[in-house]
Colleague: 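Pasting a structure below so you can have a look.
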Amino acid sequence: MARVLLTGRTGFIGAHILNELLARGHTVVAAVRSQLKGQQLLRRYTPDVAKRISTIIVEDIIKEGAFDQAIQAAPFDVVIHCASPFYYRPNNPEEDMLRPAIRGAVGILESVKKHAPSVKRVIITSSFAAIINFNSHTEKVWNPVTYAQALNPALSYPGSKKLAEEAAWAFMRDEQPSFALTTICPPLVYGPVANHLDSLDNVNTSNSRIRDIILGKFSDAIPPTVLYLWVDVRDVAHAHVQAIDIPEAANERFLVTAGHYDNKVIVEIIREEFPQLKERLPSRDLAGDLPTDVYKFDNSKSANVLGVKYQSLRVSVRDTVATLLEQGNV
Ligand code: NDP
């Protein structure tokens with residue numbers, strides 16, 4: 001069993017990574033931004049399970065040496081770095097998005113190298129945004145966006161993920177640390193909400209489209225899909241935890257996606273699974289927007305090396321909506 005430092009646990013994906021780590025018997029220190037967030041996190045577990053979780057404060061991943069204290073909290077075997085800002089169109093692209101993403105990814109590698117000789121593997125949550133090039137998508141492909149282009153708020157998020165992952169691999173090449181790196185690159189992630197949610201206003205970015213559909217914000221039209229690849233959050237978490245001890249995952253990048261979809265399919269699944277919401281949904285007659293020549297992808301490496309077996313969109317959407325209805329009293 002591994003001792004794991006996990007960042008980003010208060011977020012959508014990090015919550016599922018923690019659950020998967022605990023289910024597999026690992027012991028976890030979760031880095032959180034405040035005492036309150038740590039308390040909210042621990043409250044979700046029974047005392048028996050909570051024995052294997054503790055929290056430590058990392059106020060802001062942008063700071064120099066942000067992880068130095070956390071990485072020395074225990075003799076860790078593994079670090080999973082999931083924290084990074086994820087929303088669209090930041091006010092200040094450089095300070096709000098690029099620097100936390102890039103400094104976070106490089107900063108954690110620096111701290112591990114400097115202070116944690118016991119760590120064998122670092123796993124970073126990157127993104128399909130670091131790959132996307134509107135062509136054929138595999139682990140060999142990189143989004144071409146530059147730092148200067150990423151200063152445009154519309155490109156800041158994809159830029160932040162591409163530049164952060166690129167900087168992490170450059171660190172590995174230049175510094176030759178004793179640990180291995182694995183990066184996990186998911187496209188749009190759906191699935192049940194397992195993190196603390198004060199209100200539906202605070203639903204994470206990727207689930208917010210489904211939230212808006214069930215709140216009736218698109219009753220006249222199907223919202224544009226924008227990104228035609230998706231994955232379930234539990235498969236993303238599984239991929240991260242599998243990467244801990246599969247030797248072939250060392251120093252590899254993984255595209256984790258269940259495949260193509262468009263919002264029309266999501267609306268129809270909601271109509272069938274939740275008939276009580278049908279008045280809020282766009283008409284059955286409206287068409288979807290999945291292009292017939294939609295870009296290609298290859299997820300075989302994640303299936304073959306990490307053993308990911310992808311959930312169906314129906315299960316993912318059903319479970320997403322169920323938790324949103326429950327948590328949000330819709
Ligand atoms: P959330 O917004 O739900 O979670 C983001 C997490 O990062 C939170 O724990 C947040 O802490 C933490 N965080 C953000 N900025 C900082 C900072 N400056 N200092 C410390 N912690 C910070 O997003 P997701 O769970 O969806 O995303 C998690 C990761 O997965 C990110 O790296 C994202 O880029 C990546 N990803 C997400 C996809 C998706 O569709 N959801 C797709 C592809 C990649 P706090 O709660 O305190 O704000």
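Just so you know, ligand 1 is whichever comes first in the structure, and atom 1 is the first atom listed for that ligand.
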Colleague: Ligand 1 versus S34, non-hydrogen atoms closer than 4.0 Å: side chain, backbone, both, neither?
Modeller: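 Neither part.
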Colleague: Just let me know how P187 lines up against ligand 1, side chain, backbone, both or neither, with a heavy-atom cut-off below 4.0 Å.
Modeller: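 For P187, only backbone atoms sit under 4.0 Å from ligand 1.
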Colleague: Starting from atom 47 (O) of ligand 1, what is the nearest protein heavy atom, named by residue and atom, and what distance separates them?
Modeller: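 Closest protein heavy atom to atom 47 (O) of ligand 1: K37 NZ, 2.6 Å.
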Colleague: Quick one: nearest non-hydrogen protein atom to atom 12 (C) of ligand 1, plus distance?
Modeller: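 Result for atom 12 (C) of ligand 1: A83 CB, 3.7 Å.
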Colleague: Should P100 be counted as touching ligand 1, given the test is an N or O pair under 3.5 Å?
Modeller: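 No, no N or O pair falls under 3.5 Å.
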Colleague: Going from OG on S302 to CG on D298, what distance comes out if it is rounded to the nearest 0.5 angstrom?
Modeller: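 The distance works out to 8.5 Å.
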Colleague: Quick one: does L188 get an N or O within less than 3.5 Å of an N or O on ligand 1?
Modeller: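 No, L188 has no N/O under 3.5 Å of an N/O on ligand 1.
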Colleague: Of V193, D60, T205, which has the heavy atom at the shortest distance from atom 18 (N) of ligand 1?
Modeller: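 It is D60 that holds the nearest heavy atom.
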Colleague: Tell me which protein heavy atom sits closest to atom 43 (C) of ligand 1, plus the residue, atom name and distance to 0.1 Å.
Modeller: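 The closest heavy atom on the protein side is P186 O, 3.1 Å.
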Colleague: Say whether C185 and ligand 1 are in contact under the criterion: heavy-atom distance to a ligand atom below 4.0 Å.
Modeller: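 C185: no contact with ligand 1 (<4.0 Å).
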Colleague: Looking only at distances, please establish whether an N/O atom of ligand 1 is found under 3.5 Å from an N/O atom of S206.
Modeller: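 It does: an N or O of S206 is found under 3.5 Å from an N or O of ligand 1.
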Colleague: Mark yes or no: K120 above the aromatic ring of F179, with NZ or CZ under 6.0 Å from the six-membered ring centre and no more than 45 degrees from the axis.
Modeller: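 Here K120 fails the 6.0 Å and 45° test against F179.
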Colleague: Can you pull out the closest protein heavy atom to atom 32 (O) of ligand 1? Residue, atom name and distance to 0.1 Å, please.
Modeller: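 Atom 32 (O) of ligand 1 sits closest to the protein heavy atom K161 NZ, 2.8 Å.
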Colleague: Can you find a side-chain donor-acceptor pair between S316 and D232 that sits under 3.5 Å?
Modeller: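 Yes, a side-chain donor-acceptor pair sits under 3.5 Å.
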Colleague: Does F128, backbone or side chain, put an N or O under 3.5 Å from an N or O of ligand 1?
Modeller: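 N/O-N/O distance under 3.5 Å: no.
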Colleague: Considering non-hydrogen atoms of the protein only, which is the closest contact for atom 27 (O) of ligand 1, and what is the distance?
Modeller: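 Of the protein heavy atoms, I13 CD1, 4.1 Å lies nearest.
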Colleague: Among the clusters formed by ILVMFWY side chains lying less than 4.5 Å apart, do Y310 and V294 turn up in the same one?
Modeller: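 In one cluster with Y310: V294, no.
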Colleague: What protein heavy atom lies closest to atom 23 (O) of ligand 1? Include the residue and the distance to one decimal.
Modeller: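 For this ligand atom, the closest protein heavy atom is F86 CB, 4.1 Å.
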Colleague: Do other residues, nucleotides or ligands put more than 12 heavy atoms under 6.0 Å from the CZ atom of R314?
Modeller: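 Above 12, so yes.
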Colleague: Only heavy atoms of N204, strictly under 4.0 Å: list the atoms of ligand 1 that pass.
Modeller: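 That gives atoms 3 (O) of ligand 1.
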Colleague: Do me a favour and list the nearest non-hydrogen protein atom to atom 13 (N) of ligand 1 with residue, atom name and distance?
Modeller: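 Result: R33 NH2, 3.7 Å.
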Colleague: Give the other cluster members for L155, using side-chain heavy-atom distances under 4.5 Å between Ile, Leu, Val, Met, Phe, Trp and Tyr residues; answer none if it is isolated.
Modeller: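 Direct or chained contacts put L155 with V145.
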Colleague: Decide whether an N or O pair under 3.5 Å exists between Y157 and ligand 1.
Modeller: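 N/O-N/O distance below 3.5 Å exists for this pair.
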Colleague: Give yes or no for whether the N/O distance cutoff of 3.5 Å, strictly under, is met between G8 and ligand 1.
Modeller: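 It does: an N or O of G8 is found under 3.5 Å from an N or O of ligand 1.
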Colleague: Answer yes or no for T125: is there a heavy-atom contact with ligand 1 below 4.0 Å?
Modeller: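 Within the 4.0 Å threshold, so yes.
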Colleague: What side-chain donor-acceptor pairs closer than 3.5 Å can you find for residues 76-85, not counting sequence neighbours?
Modeller:
residue: D77; atom: OD1; partner: R3; partner atom: NH2; Å: 2.8
residue: D77; atom: OD2; partner: R3; partner atom: N; Å: 2.7
residue: D77; atom: OD2; partner: R3; partner atom: NE; Å: 3.1
residue: H81; atom: ND1; partner: T7; partner atom: OG1; Å: 2.8
residue: H81; atom: NE2; partner: A83; partner atom: O; Å: 3.3

Colleague: Passes side-chain contact (heavy atoms from CB on, under 4.5 Å), I123 versus T182? Steps please.
Modeller: CA-CA 5 Å; I123 299 152; T182 302; 4.2 Å; yes
Colleague: Return the option from C82, A15, S160, G104 holding the heavy atom at the smallest distance from atom 29 (C) of ligand 1.
Modeller: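 Residue with the shortest heavy-atom distance to the ligand atom: C82.
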Colleague: Do R253 and W142 form a cation-pi contact, if we require the NZ or CZ to be under 6.0 Å from the six-membered ring centre and within 45 degrees of the ring's axis?
Modeller: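 Because its charged atom sits under 6.0 Å from the ring centre and within 45° of the axis, R253 does stack over W142.
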Colleague: Please write down residue, atom name and distance for the protein heavy atom closest to atom 9 (O) of ligand 1.
Modeller: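 Here the nearest protein heavy atom works out to T10 OG1, 2.7 Å.
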Colleague: Run Y228 and F297 through side-chain contact (heavy atoms from CB on, under 4.5 Å) and show every step you take.
Modeller: CA-CA 10 Å; Y228 299 105; F297 68 92; over 6 Å; no
Colleague: Among Y87, F12, Y190, which residue places a heavy atom closest to atom 3 (O) of ligand 1?
Modeller: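 Of the listed residues, F12 has the closest heavy atom.
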Colleague: Rounded at 0.5 Å granularity, tell me how far OG1 in T10 sits from CD in Q40.
Modeller: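 Atom-to-atom, T10:OG1 and Q40:CD are 9.0 Å apart.
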Colleague: Which heavy atom of F274 sits nearest a heavy atom of R318, and at what distance?
Modeller: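 Where F274 meets R318 most closely, the heavy atoms are CZ-O, 3.4 Å.
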Colleague: Below 30° counts as parallel, above 60° as perpendicular, anything between as tilted: where do the rings of Y295 and F128 land?
Modeller: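 Answer is tilted, since the angle falls between 30° and 60°.
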